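What's counted below: heavy atoms across the whole structure, side chains too, no hydrogens, waters or symmetry copies. In listed order, ligands and their atoms are each counted from 1. Because the structure is predicted, anything quoted here is derived from the model rather than measured.
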Amino acid sequence: MQKENLNFLGPRGENSSWARKLWIDIFDQWVIWRKSRFPDNGYDLGRLSSSQKDEDETFALIHNSLTDLQELLKTEVPTFSPSYMGHMKSDISLPALFGHISTILHNPNNSSYEVAKAGNKIEKMAINKLLEMIGYDVESGRGHVTSGGTIANFEAFWRARYRVDHWMSQGLFLKANGHISKESSLFELSHQGWESFEKNQRLYKINEDQMKSYSLVIQGPWNLNQNLSKKGVGEIQSGPVILVPANKHYSWVKAVSVFGLGDHAFWPVNLDPLGRMCVDDLRLKIEAAKVKDRPILMVVSVVGSTELGSVDSVDEIQNLLDTYKNNYGIHIWHHIDAAFGGYFCCIDKNCNTEILSKLTLNSLKAIKRSDSVTIDPHKLGFVPYSCGAILLPNNTNYRVSSFAAPYLNENNDSLLPGWSTTLEGSRSAAGAAATLISASTMALNSAGHGRTLENSIKTKNILRQYLEKEVPNIKIIEPMDTNILTFTLPQMGERLSLVNERCMRLYKEFQNSPDFAVSKTELGLQNYYGLIRRSLALKNIIFDADHLFLLRMVLMNPFSIEKESQKNYLQGIVRFIKAFAENKEAENIINAHKSPINFS
Ligand SMILES: *Cc1c(COP(=O)(O)O)cnc(C)c1O
């Protein structure tokens, strides 16, 4: 077995004999801890009034219930297996599992230092590992564990809003009190930067309470406009926008909805023909926001998109935003949604371009220049659910909520997040412990975790070679920035609707197959026109549908190309797809649907 694969139980429990010892030791330590903590307290079992009969009955009752549960769990999707290539889910690692279990036995609630002294330390250590991995300074960096990427994105949204709202309120205050022209651009004031903000506070002797009447967050749009009218300042027609690549993850749709910005606050940025956020269009959108005088709450780049695993040009996007900052004093929050792809930062930055392209590497290296990052240990960290994280480069970006004084440090230890600086209330420390123990044992670098992820990309490359060699008419969608492979099966001169129908049938066959699982995705023509055109260029496809249906495989199981494994999973799935592609009977059914196109 490859050394790095010892970190997993193995598809057939190959590592169970020694892993079992760790498992039992965890339980034993739990009991020992109780006994040692209050040696004079309580009673031992001999003094309990229950009889052997009572004990046997209770044991049987729990045992029966657990047996039922086990039966039910046996029907769960076996995503530990390398034959599962569907969603962003694979086996959990042993270090993560044991870190998780050890911690739930103590059940710390990290919302308060008072009930989670160890839990909070564990969380800080885990966050430090993640900060280091993505390149934020560990000394100044901040962050906390969330229940997943969605909430981590919300956390970033909350903080970016805090910042823009402060700068905007001050701008409106200055206008309302005649310190600056009523015609001053709200856009520029809303992106003025903390330095300019602090300078104005001193210059005009403003205290934060005075700004409250001009805060969109505190007043809401109706009161704010009333307050502005009273002062003879023009009402605000529309509020802040967020700029997100058009392939936006639905968590952004939720964020805009929950934070009440309204659908018109969503400004999708076009994708380029490689399926990544188009930097030129981003510039146009920023200019448009400026012309319409609408503050930009944040720009979001994606590292590892849900559909294709693609990686936006974080470096180029940050360069553009830096130009705005350095040349015009316009500070725009740059959030990186690296829920899926963040862990690729572990891979050697000098790796072969077959593993990660220069473009992807440059993006990964530039993550550290951003304002906030979302990362999901429960995806490529092989950590049990639910575990995501929000990371920020400094304390200033971590501020939220309270207008008069940022909610911080209620436990006088600025290293620890408190209940008031997290969207969630009660929070388990188990995810943090799982993240920490896996990072401590598998190491978040090219010799540890990076090797497992490098192998996942090699697996994807090998699968690609097999597919292209064996399956007639297969079209694999490029670029493949990470470890997700998507494909379609188009034939020359066909209509897109028929191409989609063929792939949908293949997807259904997979669903009915006990041997393999894949997932599907749909690329809308509206967002992905360039990429789809480019991918199908040689096939003369007639575009009569509004999307391209793709079969999608996330290659993240560490055992897919384990040398010693009896089964070659990749060849197996290729045979499955080949058999479908060569099945004349199925083809006839599809052909029967082919009717002459009516152009009238
Ligand atoms: C998975 C994912 C999310 C959401 O994360 P959850 O953990 O499912 O809440 C957000 N953005 C991207 C890019 C993702 O891959």
Side-chain angles (χ1 to χ4, degrees), residues 79 86-90 92 96 100 126 130 134 143-158 160 242-259 266 268-269 271 275-277 298-314 317 334-345 360 363-364 367 370 372-391 422-424 427-428 430-432 434-435 453 456 480-486 519-523 527-528 552-556:
T79 49
H87 291 281
M88 294 164 166
K89 182 164 189 267
S90 172
I92 45 181
H100 187 100
L130 297 175
I134 63 146
H144 61 261
V145 170
T146 63
S147 66
T150 302
I151 297 298
N153 282 343
F154 278 37
E155 294 277 6
F157 197 108
W158 197 26
I242 75 165
L243 305 186
V244 179
N247 57 347
K248 56 188 180 273
H249 188 271
Y250 51 79
S251 57
W252 295 108
V253 183
K254 290 183 191 170
V256 165
S257 165
V258 170
F259 284 91
F266 229 126
V269 181
L271 303 180
R276 305 180 181 120
M277 175 150 77
M298 56 169 31
V299 168
V300 178
S301 300
V302 177
V303 171
S305 71
T306 309
E307 292 94 342
L308 306 172
S310 52
V311 176
D312 287 336
S313 306
V314 175
I317 293 163
H334 189 193
H335 175 71
I336 315 294
D337 185 355
F340 180 64
Y343 268 86
F344 286 113
C345 288
T360 301
S363 291
L364 292 172
I367 292 180
S370 66
S372 54
V373 173
T374 284
I375 188 163
D376 264 351
H378 68 204
K379 285 178 180 160
L380 288 174
F382 303 100
V383 160
Y385 295 114
S386 301
C387 184
I390 171 76
L391 307 173
T422 59
L423 281 174
E424 291 162 282
R427 294 182 308 121
S428 166
T435 304
L453 295 184
S456 77
M480 291 184 285
D481 291 339
T482 53
N483 56 355
I484 296 181
L485 185 151
T486 60
S519 52
K520 62 177 163 63
T521 190
E522 288 177 13
L523 305 185
N527 296 330
Y528 278 103
R552 169 175 172 275
M553 293 184 263
V554 183
L555 283 311
M556 60 186 278

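- For the 3.5 Å distance criterion, the side chains of H335 and T374 qualify, holding a donor opposite an acceptor.
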Distance-only criterion, 3.5 Å: show the donor-acceptor pairs between side-chain atoms of residues 242-249 and protein atoms not counting sequence neighbours.
from: N247; atom 1: ND2; to: Y528; atom 2: OH; distance (Å): 3.3
from: H249; atom 1: ND1; to: S251; atom 2: N; distance (Å): 3.0
from: H249; atom 1: ND1; to: S251; atom 2: OG; distance (Å): 2.9

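- In this structure, the side chain of S257 does not engage the main chain of V253 through any donor-acceptor pair within 3.5 Å.
- Of the N and O atoms on the side chains of E424 and S147, at least one donor lies less than 3.5 Å from an acceptor on the other residue.
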What short N/O contacts, under 3.5 Å, does ligand 1 make with the protein, listed by atom pair and distance?
from: ligand 1; atom 1: 5 (O); to: G149; atom 2: N; distance (Å): 3.3
from: ligand 1; atom 1: 5 (O); to: T150; atom 2: N; distance (Å): 3.4
from: ligand 1; atom 1: 5 (O); to: D376; atom 2: OD2; distance (Å): 3.2
from: ligand 1; atom 1: 7 (O); to: G149; atom 2: N; distance (Å): 2.8
from: ligand 1; atom 1: 7 (O); to: D376; atom 2: OD2; distance (Å): 2.8
from: ligand 1; atom 1: 7 (O); to: H378; atom 2: NE2; distance (Å): 2.8
from: ligand 1; atom 1: 9 (O); to: G149; atom 2: N; distance (Å): 3.3
from: ligand 1; atom 1: 9 (O); to: T150; atom 2: N; distance (Å): 2.8
from: ligand 1; atom 1: 9 (O); to: T150; atom 2: OG1; distance (Å): 2.6
from: ligand 1; atom 1: 11 (N); to: D337; atom 2: OD1; distance (Å): 3.2
from: ligand 1; atom 1: 11 (N); to: D337; atom 2: OD2; distance (Å): 2.7
from: ligand 1; atom 1: 15 (O); to: K379; atom 2: NZ; distance (Å): 2.8

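- For S305 (side chain) and S310 (main-chain N/O), a donor-acceptor pair under 3.5 Å exists by modelled atom type.
- Among L391, I390, L423, the one residue that satisfies the side-chain contact (heavy atoms from CB on, under 4.5 Å) test with H144 is I390.
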